[in-house]
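Everything below concerns the one structure shown next.
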Amino acid sequence: QVQLVESGGGLVQAGGSLRLSCAASRRAFSTYPKGWFRQAPGKEREFVAAINWNGAHTYYRDSVKGRFTISRDNAKNTVYLQMNSLKPEDTAVYYCAATSGSGTYYYYTEDEYDYWGQGTQVTVSS
């Protein structure tokens, strides 16, 4: 059973930055495609960003393009989400996910992911 552990959340003012990290507990999962999702209070969980096994291919939801960057360091078994120019509407619990699907691709729907972290809270104040 793989565990994904997110860190780096917190409280930041609008326009600020945060970097989220997601570490996988097992080395075997270091090359799994991964993604970030978020869930705001009273809303459904939504896709944020995804990355294939080697970082060559990434994909973002429109509202974060140009502000967020997903990256990975397979040697450290970690995927990152750099979030810049944060807005109050980015406030949510952010979840890391991993999939056993083909590493060639990225994935952007929840049902394509097999493993999930426990989430980390990001709060952006206006």
Side-chain angles (χ1 to χ4, degrees):
Q1 180 80 16
V2 67
Q3 285 186 315
L4 300 172
V5 180
E6 302 99 333
S7 60
L11 173 64
V12 64
Q13 288 188 333
S17 298
L18 284 174
R19 187 176 82 154
L20 305 183
S21 299
C22 172
S25 61
R26 292 178 59 185
R27 190 85 185 106
F29 297 94
S30 64
T31 57
Y32 276 29
K34 294 189 175 69
W36 288 95
F37 291 75
R38 67 186 181 187
Q39 187 169 22
K43 296 186 177 181
E44 293 188 350
R45 189 157 56 185
E46 63 183 18
F47 166 78
V48 176
I51 190 166
N52 78 323
W53 80 275
N54 63 356
H57 302 288
T58 58
Y59 185 66
Y60 301 89
R61 70 178 299 105
D62 286 346
S63 62
V64 307
K65 285 180 182 177
R67 300 189 298 122
F68 290 12
T69 302
I70 188 171
S71 62
R72 65 190 300 156
D73 185 338
N74 290 346
K76 294 183 178 180
N77 219 6
T78 301
V79 65
Y80 305 97
L81 185 67
Q82 177 67 45
M83 305 185 295
N84 299 329
S85 302
L86 282 161
K87 303 175 180 180
E89 51 263 44
D90 294 318
T91 295
V93 176
Y94 283 70
Y95 298 91
C96 173
T99 174
S100 57
S102 171
T104 302
Y105 307 108
Y106 51 70
Y107 301 83
Y108 52 87
T109 61
E110 287 191 49
D111 58 4
E112 293 177 298
Y113 285 88
D114 307 298
Y115 309 98
W116 292 84
Q118 82 290 348
T120 186
Q121 177 71 46
V122 171
T123 303
V124 184
S125 63
S126 57

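All figures in this text were calculated on a predicted structure; none of them were measured in a lab. Just so it is clear, the values below take in all heavy atoms, side chains as well, and ignore hydrogens, waters and symmetry mates.
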Quick one: list whatever passes side chain to side chain donor-acceptor pair (under 3.5 Å) with Thr109, sequence neighbours left out.
-> Asp111, Glu112
For residues [X] and [Y], determine if any side-chain heavy atom of one lies less than 4.5 Å from a side-chain heavy atom of the other.
| X | Y | answer |
| --- | --- | --- |
| Trp36 | Glu6 | yes |
| Met83 | Leu20 | yes |
| Arg61 | Arg38 | yes |
| Gln121 | Thr91 | yes |

N/O donor-acceptor pair under 3.5 Å between [X] side chain and [Y] backbone:
| X | Y | value |
| --- | --- | --- |
| Arg72 | Trp53 | yes |
| Asn74 | Thr31 | no |
| Gln118 | Val5 | no |
| Asn77 | Ser25 | no |

Note: Asp90-Lys87 ion pair, threshold 4.0 Å (strictly below) =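 Lys87 and Asp90: not salt-bridged.
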For Gln39, does the CD atom have more than 12 heavy-atom neighbours from other residues, nucleotides or ligands under 6.0 Å away?
-> yes
Should we say atom NZ of Lys76 is surrounded by more than 12 heavy atoms from elsewhere, each under 6.0 Å from it?
-> no
Residues clustered with Tyr106, ILVMFWY side-chain links under 4.5 angstrom |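 Direct or chained contacts put Tyr106 with Phe37, Phe47, Tyr59, Val93, Tyr95, Tyr105, Tyr107, Tyr108, Tyr113, Trp116.
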Please name the pair of heavy atoms, one in Cys96 and one in Leu4, separated by the smallest distance, quoted to 0.1 Å.
-> O-CD1, 3.8 Å
With sequence neighbours excluded, residues passing ring-ring contact (aromatic ring centres under 6.0 Å, His included) with Tyr80 = none
For the residue pair Tyr115 and Phe29, categorise the inter-ring angle as parallel (less than 30°), tilted (30 to 60°) or perpendicular (more than 60°).
->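 Answer is perpendicular, since the angle exceeds 60°.
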